[in-house]
Number of protein chains: 2
Amino acid sequence: MQLTISRNSSLDAIFSSLADETRRDILNRVSKKQLSVGEIAKHYKLTFAAISKHLKVLEKASLIIKQRRGKEQIIRISPDALAMANKYLETYEQHWENRLNNLDKLLTGKKS
Amino acid sequence: MQLTISRNSSLDAIFSSLADETRRDILNRVSKKQLSVGEIAKHYKLTFAAISKHLKVLEKASLIIKQRRGKEQIIRISPDALAMANKYLETYEQHWENRLNNLDKLLTGKKS
DNA sequence: ATATTATTCAACTATATGGTTGAATGTAGT
DNA sequence: ACTACATTCAACCATATAGTTGAATAATAT
């Protein structure tokens, strides 16, 4: 089960999306409750257009799903991309835990 | 145990570091074995200086640790920042699992 | 059809990023 | 002190990103 890293533009999109505080904050909001673009925008001092752009970035990374409902666009979180990012990071955590465990064993072994 | 998202420049640095394929690849390499800058650089068609810059980005995000050994600088992975990113993403995964579970319960309940 | 509300697009600006080349620094060996 | 090797710095260029403003589109209500 090897993790292929080469040329993974999804990860590029996901991580660069998450590299912005406003976008992380938006993600946090919509993870709790689906919201229209306007409802999201009113929490920030940015212009409506700026928020719209941020949403576009998040959508492109498949972190959110946009769906029209009447005049409004309803935004909700999409789990897939986050799961992907999570999977990616877990690999390293796992690796590190293994190294620490081995070190621990080594030290414990030497002591007795 | 609330996750504070506001103004978290560490997360900015971590995620924007991870948003680049070369840097993810470097991280992958040094997670397996500590390497000098030169040993890392020779695997890419980029210039030495470019790799040096990427390493600087990773170091600033606390994703790697740089340590001089003789003429060389030895690079190894640092677990802390990755753990932080992981923690961040887990929050959302957890949230989503909860929603799916609830949906499942709801559907199961209706069926009987 | 017109107006109102919600959102996006286009054009533009400023700054950040990723790359290059060539000079500069740090360390070790002679 | 001189040379060689490993790495970084400085200056520069091209492209991407985050923001703005004002016009354009989309859906609903009158």
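Below, chains carry the letters A, B, ... as their sequence lines are ordered, and counting in each starts from 1. Source: prediction; values computed, not measured.
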Next item on the list: Name the nucleic acid region contacted by B:S36, choosing base, sugar-phosphate or nothing; use a 4.0 angstrom heavy-atom cut-off, strictly under.
Entry: sugar-phosphate

Next item on the list: Please name the pair of heavy atoms, one in B:L46 and one in B:A50, separated by the smallest distance, quoted to 0.1 Å.
Entry: CB-CB, 3.9 Å

Check: What is the bend of the helix from C:dA1-D:dT30 to C:dT30-D:dA1 when you compare the axis at one end with the axis at the other, using five pairs each and rounding to 10°?
Finding: 10°

Notebook entry, point to check: Could you give all pairs that pass the side chain to side chain donor-acceptor pair (under 3.5 Å) test and reach residues 50-59 of chain A, with sequence neighbours left out?
Noted result: A:R23-A:H54, A:E59-A:K66

Next item on the list: Look at all strands and tell whether B:A41 reaches a base, only sugar-phosphate, or nothing, counting heavy atoms closer than 4.0 Å.
Entry: nothing

Note to self: Counting only heavy atoms and a strict 4.0 angstrom limit, can you tell me which residues of residues 61-73 of chain A come near DNA chain C?
What the structure shows: A:K66, A:K71, A:E72, A:Q73

Next item on the list: With side chain to side chain contact (heavy atoms under 4.5 Å, CB included) as the test, would you mind laying out the steps for A:D25 and A:Y44 before giving the verdict?
Entry: CA-CA 10 Å; A:D25 198 59; A:Y44 305 91; 2.7 Å; yes

Check: With no hydrogens and no angle check, is any side-chain donor or acceptor of A:S16 less than 3.5 Å from a backbone partner on B:A19?
Finding: no

Next item on the list: Under 4.0 Å from any atom of DNA chain C, heavy atoms only: list the residues of residues 50-60 of chain B that qualify, in numerical order.
Entry: B:A50, B:K53, B:H54

Check: In whole angstroms, how far is the P atom of D:dG19 from the CD atom of A:E21?
Finding: 10 Å

Item checked: Pairwise salt bridge (charged side-chain N to carboxylate O under 4.0 Å, His left out) hits with a residue in residues 39-50 of chain B, at least two apart -> none

Next item on the list: Give the first and the last nucleotide of DNA chain C, reading 5' to 3', that has any atom under 4.0 Å from a heavy atom of chain B.
Entry: C:dG18 to C:dA28

Next item on the list: Inspect the surroundings of CZ in B:R68 and state if more than 12 heavy atoms from other residues, nucleotides or ligands are less than 6.0 Å away.
Entry: yes

